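Heads up, the thing below is written out as structure tokens.
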Amino acid sequence: MKNSWAFLIMAAGSGQRLGGQPKQFRLLGKRPVWQWAAGAARASGIDDVILTVPPERLPPDIPSDRVTVIRGGETRSLSVRNALRGTDASWVLVHDAARPFVSPDLCRSVMSAVTECRGVIPLLPVVDAAKRIREGESVMSSVDRDGLMMTQTPQGFHRESLLDVLESSSPLVRDEAEPWLASGRELTWVLGETENFKITTEGEWSMAQKLATTGATVRTGVGFDVHPLVPDRPLILGGVSIPSPLGLDGHSDADVICHALSDAALGAAGLPDIGRLYPASDETYRGADSYELLRDVINRLRNCGWGVIWADIVLHAQIPRIGDGVEDIVNKLECLWNDGRRRINLKVKSGEGIGPVGQGEAMTCYAVVTVTPC
Ligand code: MG
């Protein structure tokens, strides 16, 4: 996978076909329409998210937490040019703000096929019989739909190449693929997604509302971790230091509860696991405070639009006895949210004297986390 990607969300259009507030700024569920795509971008591994907006919506109107807000131009092409100049990423995905249900998988599939001279776009075949009508005429003609495709976003390009193309083309293009093709460059495609539709009509707006409030309102993730018990290591569980002659061994502080909980939360949000986000091969994480990594995980989820509503944890440990520490661990974990709502349930099971846990050689932990859009 190439690194240095930016995700450009085009939200500078007037978008007033639905009347009132431009559709990309309407609330869909609890978030503005454009924020949904920002969440998908982050879940696909892109942190550099750029939002182009009409000049009257420049900050402080837009919360700019982890989003670079850029003034849009009079046309889409001019807005894209502004956004391309607003990042130094090597590669870009250009996306319509009014397509909130783009998936991280689609982003990744476009990203993996882009090269310096090849752009990539998602296409969906036209499945209905097609007709052509001309304004003011009552007659119509049939159109052969064979090979006819509908274009979606995100469209992926090499940033500087796209800037070259747009600077030497008409500002009145409908998407980035159009001038890219006209410049004679290579353009290829991946299969788009039906749910990645563009909200343009009232019918599409109500369909989006149904999807936002029913489809994936609750998701779950599961996490597991194991660490060996050794002498001369501190025993840290759920961010709490437990008095013990033995501690868990690992690259970080080996907090088996925070690790299982982090992986469960990341899994629920469809994000990469902690091994990929905070690799043991990275010296930065030697002796790392896993409670703080869990705090970072929760922030990552929030930035992708997910909030943890419940976590059920099973700690499998024979020695030392943890029973007295359970309340402290639960309280410490609840502090990560600090909003007075209960979210954590922790059970400790002994190893019954068998296996590595029962023999006091290791501890394991299982966690299930439930999230909803926030
Ligand atoms: Mg671990």
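Indexing begins at 1, ligand by ligand and atom by atom, following the structure's order. The shown structure was predicted, so the numbers you read here are calculated from the model rather than taken from an experiment.
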min-distance N/O/S atom, His259 vs the Mg ion (ligand 1), resolves to ND1

Using the rule that two of Ile, Leu, Val, Met, Phe, Trp, Tyr join whenever any of their side-chain heavy atoms come within less than 4.5 Å, decide whether Val102 and Leu124 are in one cluster. no

Please determine whether residues Trp34 and Val80 belong to a single hydrophobic cluster, defined as Ile, Leu, Val, Met, Phe, Trp and Tyr linked transitively by side-chain heavy-atom distances below 4.5 Å. no

Pick from Arg76, Gln152, Gln24: which one makes a side chain to side chain donor-acceptor pair (under 3.5 Å) with Asp96? Arg76

Does Asp225 put an N, O or S atom under 2.8 Å from the Mg ion (ligand 1)? yes

For the pair Phe157 and Trp180, name the ring-plane relationship: parallel under 30°, tilted 30 to 60°, perpendicular over 60°. tilted

For the Mg ion (ligand 1), what is the closest N, O or S atom on His227? NE2

